[in-house]
Amino acid sequence: MSDLAYKRTNVYEKADESTMKAIFDYAEGYRKFIDGAKTEREACAFVEKAAKKQGYKPFAFGKKLKPGDKVYYNNRGKNIYLIRVGSGNIGEEGIRIVAAHIDSPRVDLKQVPLYESDGVALAKTHYYGGIRKYQWAAIPLALHGAVVRADGSVVEVAIGEDEADPVFYISDLLPHLAAKQNAKPLGEGLAGEDLNIWLGNIPYTVAEEEKDRTVKENLLHILHEKYGICEEDFLSAELSLVPAFKARDIGFDRGLMAAYGHDDRVCAYPACTALFDENPDKTVMVVLADKEEIGSEGSTGMQSAVFTDLIDALASSFGVSSAQVRAKSRCLSADVNAGYDPNFKDVCEPLNSTYLSCGAGITKFTGARGKSGSNDASAEFMGEIRRMFAAGGVIWQTGELGKVDAGGGGTVAKFIANMNIDTVDIGVPVISMHSPYEVISKADLYELYLAVRAFFK
Ligand code: MN
Ligand code: MN
């Protein structure tokens, strides 16, 4: 093929020995993050700790910012902003922003979850984000979150990650009795109200009265003794069931990695490490948003005013208007895309798909049908990104989320672009997105890290 033709590059094919080592070493740092931060709360705490180590100080509204400042803003423990203030004129240069999200699809407990049925203690759930319900049965689940007790004290919960911990479970039918269920469409195999969690099976035998010798009573005693909580405390709790799996390499060559919640912590990690490692003398902001999986709503989602409030704080510190700063700012909306899957070719368009191990994936527009609900990045901004990545030696590709009219999806990009900020989607191709065990390529993770560094330079 001549130099005039465009061709994707396979990162591993091009990598020399030292690049291979860099890719695999970088993935080990990510493994610690993805295994140690399975919810937005845990990711937020992880990043706050890392930022403090890098000299970042907490920011409070009302404080003035000055060149050289490194601050973070922890929004309610679920959404965190890292800001590095450069020495340039913020009104002329704007801010380089990278936004990723740290919430992932999962199964949440309802506020009145506990009940007993036929000698089994169970919990009612309400799923969070787009899950394929049947995938969440018959796998080990860990319980994560926080319980606020009547006196206001908070109990942090993470049960099922340690090898010695118990795990939790959603049951499914045995094939011998599944004839009726098998005849249903796949999406109806398990309904939302079928996702009930197995919590226990031993009755409270020490009870004086027979009516108290129940499995639920025993469970309430265990919860009280171990965690100091009573049933009413669930009213003010956020508890989530997430897969209890640890990240593992996939395949003989170990080029791929499976984990729960790559979407979108696989982009949050490179955003933070690129900021720490590049430490640019530019005003840059890393946003790790919550609630992306349910529409970026609420005080901790990307649509929260906190985002523009922080830009206002930066602008006013330098005596320029927020409008001036936003007009000159640039943003990478860092989120995953669907990787081309040879098992499901029929939903992918081969020319415009992101392929595993072919580098960071740029998505000019997302949305559904006729690009509905999309931030469609301009050709000019795409050109700017191309030049940045060429200068940084970044291997990247481009792709849409599946064939036209096959489905679709969105990211936080449009909410940022709506603020008059040039924004484009970039991320890592994922296989089995939103399943309990998603797969990415270590090479793409590394290239996204290089891409963010090039953007910050
Ligand atoms: Mn995502
Ligand atoms: Mn998602």
Side-chain angles (χ1 to χ4, degrees), residues 30 33-34 37-40 42-44 47 78-80 97-108 127-133 135-136 240 242-243 257-272 286-298 300-304 307 331-339 341 347 353-354 356 360-368 373-375 377 399-402 406-417 423-441 444-445 448 451-452:
Y30 173 60
F33 176 63
I34 194 76
K38 288 196 172 180
T39 62
E40 61 275 9
E42 291 170 358
C44 211
V47 168
K78 299 187 195 185
N79 158 221
I80 189 164
I97 302 162
V98 177
H101 68 93
I102 48 176
D103 61 318
S104 298
R106 60 183 185 233
V107 176
D108 287 344
Y127 62 94
Y128 173 95
I131 65 166
R132 307 188 72 197
K133 298 174 195 91
Q135 294 179 335
W136 293 70
S240 304
V242 298
M257 187 193 271
Y260 162 68
H262 281 314
D263 177 11
D264 184 35
R265 292 184 271 271
V266 75
C267 298
Y269 183 77
C272 295
V286 168
V287 188
L288 302 183
D290 178 30
K291 299 282 184 281
E292 192 277 341
E293 297 294 357
I294 59 167
S296 298
E297 312 286 351
T300 53
M302 197 66 237
Q303 296 190 75
S304 165
F307 174 56
C331 176
L332 295 181
S333 160
D335 204 346
V336 298
N337 198 345
D341 186 339
V347 294
S353 292
T354 51
L356 262 67
I362 288 262
T363 304
K364 185 176 178 294
F365 51 84
T366 59
S374 163
N375 156 58
E400 296 184 33
L401 198 148
T411 66
V412 299
K414 63 176 173 182
F415 305 117
I416 298 165
T423 304
V424 70
D425 278 297
I426 186 171
V428 169
V430 173
I431 298 297
S432 307
M433 195 196 293
H434 286 203
S435 79
Y437 216 39
E438 304 173 324
V439 176
I440 56 115
S441 162
D444 302 331
L445 167 68
L448 179 59
V452 178

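Along the sequence shown, residues carry numbers from 1. Computed over heavy atoms, backbone and side chain alike; hydrogens, waters and symmetry mates excluded. One-based numbering, in listed order, for ligands and for the atoms of each.
Counting heavy atoms of neighbouring residues, nucleotides and ligands inside a 6.0 Å radius, atom OH of Y127 does not exceed 12 of them.
No donor-acceptor pair under 3.5 Å is formed between the side chain of D444 and the backbone N or O of L356.
Side-chain polar atoms of D425 and S333 form a donor-acceptor pair below 3.5 angstrom.
Take D341 and apply the salt bridge (charged side-chain N to carboxylate O under 4.0 Å, His left out) test, not counting sequence neighbours, and it matches no residue.
Panel detail: the Mn ion (ligand 2) has protein N, O or S atoms under 2.8 Å away, 4 in number.
Between the CD atom of E40 and the NZ atom of K78 there is a distance of 6.0 Å, given to the nearest 0.5 Å.
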Before giving the answer on side chain to side chain contact (heavy atoms under 4.5 Å, CB included), spell out for I34 and V266 the whole-Å C-alpha distance, their side-chain angles and the decisive distance to 0.1 Å.
CA-CA 8 Å; I34 194 76; V266 75; over 6 Å; no
